[in-house]
Amino acid sequence: MSSFDDMDAFEAASLSARAMQARPAPYLDELNPAQRQAVETLDGPVLMLAGAGTGKTKALTARIVHLLNQGKARPNEILSVTFTNKAAREMKTRVGRMLGQAIEGMPWLGTFHAISVKLLRRHAELVGLKSNFTILDSDDQLRLMKQLVAATNIDDKRWPPRQLANVIDGWKNRAITPDRVPAAEAGAYNHEGPRLYAEYQARLKELNAVDFGDLLLHCVTIFQTHEDVLAQYQRWFRYILVDEYQDTNVAQYLWLRLLAAGHRNICCVGDDDQSIYGWRGAEVGNILRFEKDFPGAHVVRLEQNYRSTPHILAAASSVIAGNESRLGKTLWTDADDGEKVRLIGHWDGDEEARWIGEELESMQKGTRGMRAFSLDDCAILVRASHQMRAFEDRFLTIGLPYRVIGGPRFYERMEIRDAMAYFRLVTSPEDDLAFERIVNVPKRGLGDKAQQTIQRIARDRGVTLVDGARIAVAEEAIKGKGGAALRVLVDDLARWGRLVGSADLTHMELAEQILDESGYTAMWQNDKTPEAPGRLENLKELVKALEGFENLQGFLEHVSLVMDNETDDGGAKVSVMTLHAAKGLEFPAVFLPGWEDGLFPSQRSMDEQGLKGLEEERRLAYVGITRAEEVCTISFAGNRRVFGQWQSQMPSRFIDELPEAHVEVLTPPGLYGGGYGAAGMAASASPEIMARQMSDIDDRAQRADVYNSPGWRRLQARSTERPMSQPRESRNQVIDLEAVSAYVIGERVFHQKFGYGAVAGIEGDKVEVDFEKAGTKKVVARFICAADDVPF
DNA sequence: TTCTCCCCCCTTTTT
DNA sequence: GGGGGGAGAA
């Protein structure tokens, strides 16, 4: 039954081992010396420091194959952990391809979370859960937090429940249980953090539910408190492989270290320069500390890059060199030069999207002396998901096929969540959160008051909400229409529950029946809003997605772990995704739009994390650039809509860090030449841009002022006054001196974020300003401008 | 109870 | 430009 004693797996294992032993290991010949060393050093701890594009997945998969080939382990004795489902899938197919056969027998190749679920289902009772526990999504999690906060005397305006969720997540990421919250952090969330954390955990237990963080945390707890269980797995997992080690958080680190403690056959692969999940609790320290944790570890560095051209590599290296804390690697390649990294500035975000759209169209035919690219070869990587909409809008207008990866996800849509809540409730009636979600969806006349009655009854008798509702119906605690509707709902739930696993109908039919009989489908059919048809479509797709699973439970678990619904209907498409989602991927042509200070690097990251945040942003820039194989196009806009308001933007500081010798500035006519006003616009701008410009009130004045803004000056300075060949130091000096000398003490200045103020002192390239609202702050000179020059 | 309007705050990034 | 929450009306 369990994969532990899975005979199929065993069969597959011995089969493949024999098959591989019959002929030599061709996969080894394809490796370079460093990769080969990483693959062949099978026993003992190994740390593979693998820069971007150095073939680490290849090495990792070859290592798995080699383990099997050498008869070191059977497929189900290898624990192989990744961070994303995508990476897990990829590795599975690559191992299969290398072995020359489909590989079904690797049950322990998966994400930390997927593997943890598997472990936890077996040992749930050790942490007070039943093995059919539900996994809450962040939506449920937040609703639970809200309830807890509401029950406390806390102003949820000042202390948003979301913040509590972050605090608790942070603790879980560091494997801190409620009883172990450090004294220094007892003040978190208005001093209620630790108590609410304990309450939250208690509530989860009542609900027989876990959140994402719990999956790992519970496993660690089990390992720490039940030596026999731990020992069993230590013996079972003879070899451990970990991908993206730089992204492990403390909980994951403990999880791994406990499992590897016996034989220490652990191979971690990572790149400190690609650590981009610090906000999720990732500890780069884990990778830096590896040799201490595992004395005698073999460290292998993969530095030959097989992905990108030298220009792209040089640009990436130059940017990442700005970071202080790194192990340091030198990537090299023997590829031909190819295109320089292309840099282009735009008037605004719409213009940027328009240009990229047009560029994509011409690139399909081949343009600017480059080869032709298929849309599948192209990707647009953004910092924040809201940037994707501009591209979607544009691509829809011009009919350019695109695919959004990791955007608003299928399973996060309202109708899908509602439907899933029905399914959840039918398969596990104790799922109170699911009940709350659907009790009045569709409208059943069960408003706040009725729901409170149900809650009260349930709490008083210590039963689930469904049972509470049943009692309310029996005792007629809820009168009128609502009461009648509740009776129907309760009966329906019971009836559907009896149909689960029934031989008379498939789980797809059951799902359909639930949606129809509950009135949920009808609710959307009667809905006249424009999105209703789409929602019905999605529901159909949901039922269709059920086909791939044996039963409803299996499906629900899949969904909670794999939030994306991969449906790709052929045809070449350009991919649009966040930089985070792009990690581990590569594309011949990459567009990196929105390189503007505040957006990228993100203001928030810098505000909250300071230099640490900036360095993580810089690593993100590095990840972005290194996704490109042949062409990398970076762009920024002078103006952008932020929360629906036009705001002038300054080019990202990372742009200054690009090496000039490897960058080509693409300058469309009319942008920098000063002729962007009426004349230049008529010639080059598209009708809709003109229309928008015309509709902007006093746009003429605005435009004139933008010319004087520091960002605009910098833009101009960059492309015209100083040729790209000028050495970098002197360029920076020029800018800074320029900016500083522009101010005198006492002068009234303006700062994007802090507003108006008076210059109080000048120090290098920093200016001390007494802001009227924000107090005295030292700011970088180029972020302020004379008060008269304010761009609006 | 529900609907609608208005105001506020907001947005990193993901398993 | 958009969603959530509160207030007030049908």
Side-chain angles (χ1 to χ4, degrees), chain A residues 81-88 110-117 135-139 141-143 146 150 156-158 160-162 166 169 172-173 210-217 244 247-249 251-252 275-282 349 381-390 393 405-409 411-412 414 440-452 478-482 485 558-564 577-584 594 598-609 613 616-617 619-621 623-624 640-646:
Chain A
V81 205
T82 63
F83 272 81
T84 61
N85 297 298
K86 211 164 48 193
T111 63
F112 272 107
H113 292 89
I115 292 172
S116 294
V117 172
I135 304 165
L136 299 190
D137 59 23
S138 50
D139 203 54
Q141 197 186 355
L142 196 59
R143 261 185 314 137
K146 275 183 194 159
D156 65 354
K157 282 270 183 295
R158 258 191 80 191
R162 160 146 264 120
N166 286 337
D169 270 346
K172 289 188 176 177
N173 285 336
V210 299
D211 63 20
F212 268 104
D214 281 340
L215 292 175
L216 287 148
L217 186 51
E244 309 281 16
D247 288 332
T248 47
N249 60 33
Q252 289 159 338
S275 159
I276 54 174
Y277 285 103
W279 51 273
R280 209 173 74 188
L381 312 181
V382 297
R383 173 65 184 87
S385 48
H386 64 80
Q387 288 171 265
M388 299 200 265
R389 205 178 44 230
D393 286 353
I405 297 177
R409 304 176 189 202
Y411 292 113
E412 283 175 2
M414 184 207 327
N440 201 28
V441 180
K443 299 265 183 293
R444 296 189 171 93
L446 296 162
D448 279 353
K449 248 177 97 192
Q451 290 186 41
Q452 273 164 19
I478 295 167
K479 310 253 179 304
K481 242 173 54 190
H558 168 80
V559 168
S560 52
L561 292 172
V562 185
M563 294 291 280
D564 53 337
M577 68 187 96
T578 63
L579 286 162
H580 283 87
K583 193 160 76 148
L599 182 59
F600 188 43
S602 132
Q603 191 60 50
R604 198 149 151 192
S605 170
M606 293 187 292
D607 288 348
E608 287 172 7
Q609 301 283 327
E616 181 150 317
E617 297 286 308
R619 289 194 290 269
L620 211 40
V623 167
R640 197 173 287 278
R641 253 192 147 101
V642 181
F643 299 136
Q645 293 261 5
W646 284 98

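In what follows, chains carry the letters A, B, and so on, assigned in the order in which the sequence lines appear, proteins first and then strands, with residues in each chain numbered from 1. These values consider heavy atoms only, across backbone and side chains, with no hydrogens, waters or symmetry-generated copies.
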Atom pair distance, as rounded to whole Å: [atom1] in [X] and [atom2] in [N]:
| X | N | atom1 | atom2 | answer |
| --- | --- | --- | --- | --- |
| A:Q603 | B:dT13 | CD | P | 16 Å |
| A:M577 | B:dT13 | CE | P | 15 Å |
| A:H558 | B:dT15 | NE2 | C1' | 14 Å |
| A:N166 | B:dT14 | CG | C1' | 12 Å |
| A:I276 | B:dT15 | CD1 | P | 11 Å |
| A:I405 | B:dT14 | CD1 | C1' | 15 Å |
| A:N85 | B:dT15 | CG | C1' | 8 Å |
| A:L599 | B:dT13 | CG | P | 10 Å |

(request) Would you tell me if any nitrogen or oxygen in the side chain of A:S138 comes within less than 4.0 Å of OP1 or OP2 on B:dT14? (result)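 Looking at the OP1 and OP2 atoms of B:dT14, neither is under 4.0 Å from any side-chain N or O of A:S138.
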(message) I'd like to check A:V623 versus A:L579 (side-chain heavy atoms, cut-off strictly below 4.5 Å). Are they in contact?
(response)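 The answer is no, as the side chains (C-beta and beyond) never meet within the 4.5 Å cut-off.
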(message) Given 3.5 Å as the limit, does a donor-acceptor pair link the side chain of A:D214 with the main chain of A:L217, or not?
(response)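 The answer is no, because no donor-acceptor pair under 3.5 Å joins these two groups.
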(request) May I ask you to decide if A:V642's main-chain N or O and A:Q645's side chain share a donor-acceptor pair within less than 3.5 Å? (result)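 Not confirmed, A:Q645 side chain does not pair with A:V642 backbone.
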(message) So, using salt bridge (Lys or Arg N to Asp or Glu O under 4.0 Å) as the criterion, who are the partners of A:D139 when residues are at least two apart?
(response)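 Counting only residues at least two positions away or on another chain, A:D139 forms a salt bridge (Lys or Arg N to Asp or Glu O under 4.0 Å) with A:R417, A:R437.
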(message) Restricting to salt bridge (Lys or Arg N to Asp or Glu O under 4.0 Å), what partner residues turn up for A:D211, sequence neighbours left out?
(response)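 If we apply the salt bridge (Lys or Arg N to Asp or Glu O under 4.0 Å) test to A:D211, skipping adjacent residues, the hits are A:K172.
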Mind checking if [X] touches a base, just sugar-phosphate, or nothing, with heavy atoms under 4.0 Å?
| X | result |
| --- | --- |
| A:K146 | sugar-phosphate |
| A:F112 | nothing |
| A:F83 | sugar-phosphate |
| A:S605 | base |

Of all residues at least two apart in sequence or in a different chain, which pass the side-chain hydrogen bond (donor to acceptor under 3.5 Å, both in side chains) check with [X]?
| X | answer |
| --- | --- |
| A:E608 | A:R604 |
| A:T248 | A:N286 |
| A:S605 | A:E617 |
| A:T82 | none |

(message) Suppose we screen for ring pair (Phe, Tyr, Trp, His ring centres under 6.0 Å). Which residues come up paired with A:F600, at least two apart in sequence or across chains?
(response)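 For A:F600 the ring pair (Phe, Tyr, Trp, His ring centres under 6.0 Å) partners, ignoring immediate neighbours, are A:W595, A:F654.
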(message) Under the rule for ring pair (Phe, Tyr, Trp, His ring centres under 6.0 Å), what residues qualify as partners of A:H580, not counting sequence neighbours?
(response)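 Ring pair (Phe, Tyr, Trp, His ring centres under 6.0 Å) check on A:H580 returns A:Y277, A:W279.
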(message) Need two values: the first and the last nucleotide of DNA chain C, 5' to 3', having an atom under 4.0 Å from any heavy-atom of chain A.
(response)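 Terminal contacting nucleotides, 5' to 3': C:dG1 to C:dG5.
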(request) Apply side-chain contact (heavy atoms from CB on, under 4.5 Å) to A:Q451 and list each qualifying residue two or more places apart in sequence or on a separate chain. (result)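 Listed in chain order: A:V439, A:N440.
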Polar atom pairs between nucleotides 9-11 of chain B and protein, under 3.5 Å, N or O only, would you list them?
from   : atom 1 : to     : atom 2 : distance (Å)
B:dT11 : O3'    : A:R604 : NH1    : 3.2

(message) Using a 4.0 Å heavy-atom cut-off to protein, can you give one letter per nucleotide of nucleotides 1-6 of chain B, 5' to 3': B if the base is in contact, S if only the sugar-phosphate is, - if neither?
(response) SSS---
